[in-house]
Peer 1: 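Below is the structure I would like to discuss, written out as structure tokens.
Atoms within each ligand, like the ligands themselves, are counted from 1 in listed order. Computed from a predicted structure; not experimentally measured.
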Amino acid sequence: MSAESSPPAVPLAAQAEAAVREAFKAALGEQAAGADPVIRPSEHADYQANGVLALARQLKANPRELAGKVAARLESSELFAQVEASGPGFLNLVFADSALTGQLAERHGDPRLGLGAPKQGRTTVIDYSAPNIAKEMHVGHLRSTIIGDALVRLLTFTGSQVIRQNHVGDWGTQFGMLIEHLLENPDVRGGDEDGDTAAISRLAALYKAARARFDTDEQFQARARQRVVALQSGDPETIAGWQEIVAESKTYFGEIYTKLGVLLTDDDIAGESSYNDELQGIADDLEQRGVAVRSHGALCVFFDDVVDKDDKPVPFIIQKSDGGFGYAATDLATLRHRVRDLKATRLLYVVGSPQALHFKMVFETARRAGYLPDGVEVAHVQFGSVLGADGKPFKSREGETIRLIALLDEAVARAKATIAERSPELEPNAQELRAHEVGIGAAKYADLSTSRTRDYVFDLDRMLSLQGNTGVYLQYAHARIRSLLARAGEAGPAPEGVPAPLEPAERALLLALDEFGDVLKSVDESLEPHRLCAYLYTLAQAFSDFYEACPVAKAPTAGQRRLRTAICELTGDTLALGLSLLGIAAPERL
Ligand code: ARG
């Protein structure tokens with residue numbers, strides 16, 4: 001795709017900026033070099049340039065007069081139909097119709113919608129999902145999986161080689177009791193084979209039973225501790241038990257990933273255990289470099305700004321006094337691997353906000369140790385909690401973290417009811433598939449459309465509402481466009497030139513379409529998918545205003561019909577691409 005895509009269409013905002021910059025220079029010569037035109041969307045025009053104010057201040061000139069001078073220079077530009085100095089020194093910019101239809105012609109029908117080839121030369125490692133073996137995935141893992149998947153798709157599109165890493169928790173002392181129980185009770189391997197939750201029900205049963213014995217039976221406790229030692233020393237029987245548990249968990253995670261339709265596969269799993277052999281080396285290296293020091297037998301890193309409430313420094317423990325390694329050492333080995341071996345230029349960790357301090361210390365330690373060179377960007381892409389209707393972190397009535405699958409299944413079941421009601425003509429199989437796309441899409445969209453770091457309430461009614469900023473609303477908007485295009489039956493390139501003066505609703509929609517590339521760029525930089533959601537919602541609303549004001553099939557002239565059809569097509573394609581970058585299906589019919 002990248003090789004064939006045409007050069008990017010320069011967004012109108014960027015064209016306006018360049019034109020104003022030129023006009024600054026023409027009016028003022030070198031004195032204006034470097035002045036920022038400050039282009040903003042405007043209520044009174046297509047865009048507003050506010051840069052005259054700062055420039056006038058700098059030159060000690062009268063801003064209104066200066067704005068008038070610059071406006072006069074811009075009058076002759078083909079880009080604008082109208083340029084007006086207003087207020088204390090703003091410039092109101094109204095594009096020529098031909099500028100808007102020209103953009104449409106460049107983007108329409110291009111496989112990348114006129115956004116040009118993806119950027120080259122970046123390698124981004126995205127760490128996401130990362131559930132823990134032998135435990136259920138909880139809603140926090142759901143958020144990580146959904147946000148991570150959207151970032152994988154977005155960054156791949158804007159231009160990065162993306163390496164997915166599922167840093168599953170597959171090591172630790174909890175395995176002692178699990179393996180011990182498994183080996184002592186081979187019959188727990190049974191369980192019913194049917195039903196897609198078989199793997200997790202077996203694991204949950206194992207976990208529960210092992211835990212119960214561990215908490216009540218002291219001799220079992222001692223044997224479980226022995227197992228941890230046996231596991232760490234690579235005892236074959238113990239390792240075999242561990243592998244069995246890991247394999248079962250992977251099956252369970254795979255079921256959820258399939259249900260969610262995310263890109264993660266078994267090949268993306270690089271669990272904590274895969275770094276075991278490097279941990280001692282990391283510890284020695286940090287100690288040798290003086291980054292870590294021994295304190296009460298443990299190997300620790302200290303930070304001036306990480307202190308407890310008595311102002312005592314809180315240690316970042318690399319190696320415990322008993323010689324064991326934990327989460328910190330593993331993450332340092334992981335980071336080093338990603339930079340050194342995977343050649344990452346950008347490292348993203350999609351993990352909940354409670355781990356902010358952990359990552360701050362990982363990153364800072366890595367910098368001190370030289371594992372994180374200057375050109376490599378690193379970010380903890382944090383997110384808030386999912387809350388229940390009561391505003392408290394989402395829990396089932398039993399107080400356990402609610403079963404993820406159950407939650408998704410309920411979204412799908414509700415979507416099914418809506419679809420059966422609205423589209424009874426769809427085949428039952430198609431209804432089933434659509435229900436899946438809508439239900440899962442609703443849950444993903446609800447998650448992605450909230451500003452990442454905020455908590456949000458998991459509310460199926462709101463998620464599946466046909467009104468408002470929801471996935472379902474966008475899916476319906478997209479399907480409606482496809483169906484009206486199918487009815488119009490007219491296809492072909494966007495017209496050259498301007499068939500008739502543009503209606504305000506046409507202008508507004510064309511302007512909105514033109515902003516797509518800038519929005520993707522801002523998501524790439526900010527790692528905030530909700531900006532794309534907000535954009536798609538605005539776009540769908542602009543479309544609905546357009547469709548109300550501007551008949552398509554019954555447009556006054558053939559030229560306008562062609563133009564409007566092309567506008568519908570580009571809107572449909574933009575919605576479909578936008579949703580796909582969020583990991584959400586955009587069915588043609590609903
Ligand atoms: N397994 C961890 C948890 O459930 C998340 C791991 C995140 N990734 C990392 N590199 N630490 O909390």
Peer 1: Taking the side chain as every heavy atom from C-beta outward, state whether Leu335 and Asp331 have any atom pair closer than 4.5 Å.
Peer 2: no

Peer 1: May I ask you to check if ligand 1 and Asp331 share an N or O to N or O distance below 3.5 Å?
Peer 2: yes

Peer 1: Quick one: look up the protein heavy atom nearest atom 12 (O) of ligand 1 and list residue, atom name and how far away it is.
Peer 2: Gln355 NE2, 2.9 Å

Peer 1: Which of the numbered atoms in ligand 1 are below 4.0 angstrom from a heavy atom of Tyr349?
Peer 2: 10 (N)

Peer 1: Tell me whether the rings of Trp242 and Phe175 are parallel (<30°), tilted (30 to 60°) or perpendicular (>60°).
Peer 2: perpendicular

Peer 1: Report yes if some N/O of Pro131 lies less than 3.5 Å from some N/O of ligand 1; otherwise report no.
Peer 2: no

Peer 1: Any idea which heavy atoms bring Ala344 and Val125 closest together, and the distance?
Peer 2: CB-CG2, 3.6 Å

Peer 1: At less than 4.0 angstrom from any non-hydrogen atom of His141, what atoms of ligand 1 do you find?
Peer 2: 3 (C), 4 (O)

Peer 1: Say whether Thr334 and ligand 1 are in contact under the criterion: heavy-atom distance to a ligand atom below 4.0 Å.
Peer 2: no

Peer 1: Please report which non-hydrogen protein atom sits nearest to atom 8 (N) of ligand 1, along with the residue it belongs to and the distance in Å to one decimal place.
Peer 2: Asp127 OD1, 3.1 Å

Peer 1: Heavy-atom distances under 4.0 Å decide this one: backbone, side chain, both or neither, for Phe359 against ligand 1?
Peer 2: side chain

Peer 1: Between the main-chain N or O of Gly384 and the side-chain N or O of Arg143, is there a donor-acceptor pair closer than 3.5 Å?
Peer 2: yes

Peer 1: For ligand 1, which atoms, with element, lie under 4.0 Å from some heavy atom of Tyr327?
Peer 2: 2 (C), 5 (C), 6 (C), 7 (C), 9 (C), 11 (N)

Peer 1: By the definition ring pair (Phe, Tyr, Trp, His ring centres under 6.0 Å), identify the one residue from Tyr371, Phe316, Phe303, Tyr349 that meets it with Phe363.
Peer 2: Tyr349

Peer 1: Check for a donor-acceptor pair, side chain of Asn166 on one end and backbone N or O of Ala130 on the other, with a separation under 3.5 Å.
Peer 2: yes

Peer 1: May I ask you to check whether Tyr257 and Ser129 show a side-chain donor-acceptor distance below 3.5 Å?
Peer 2: yes

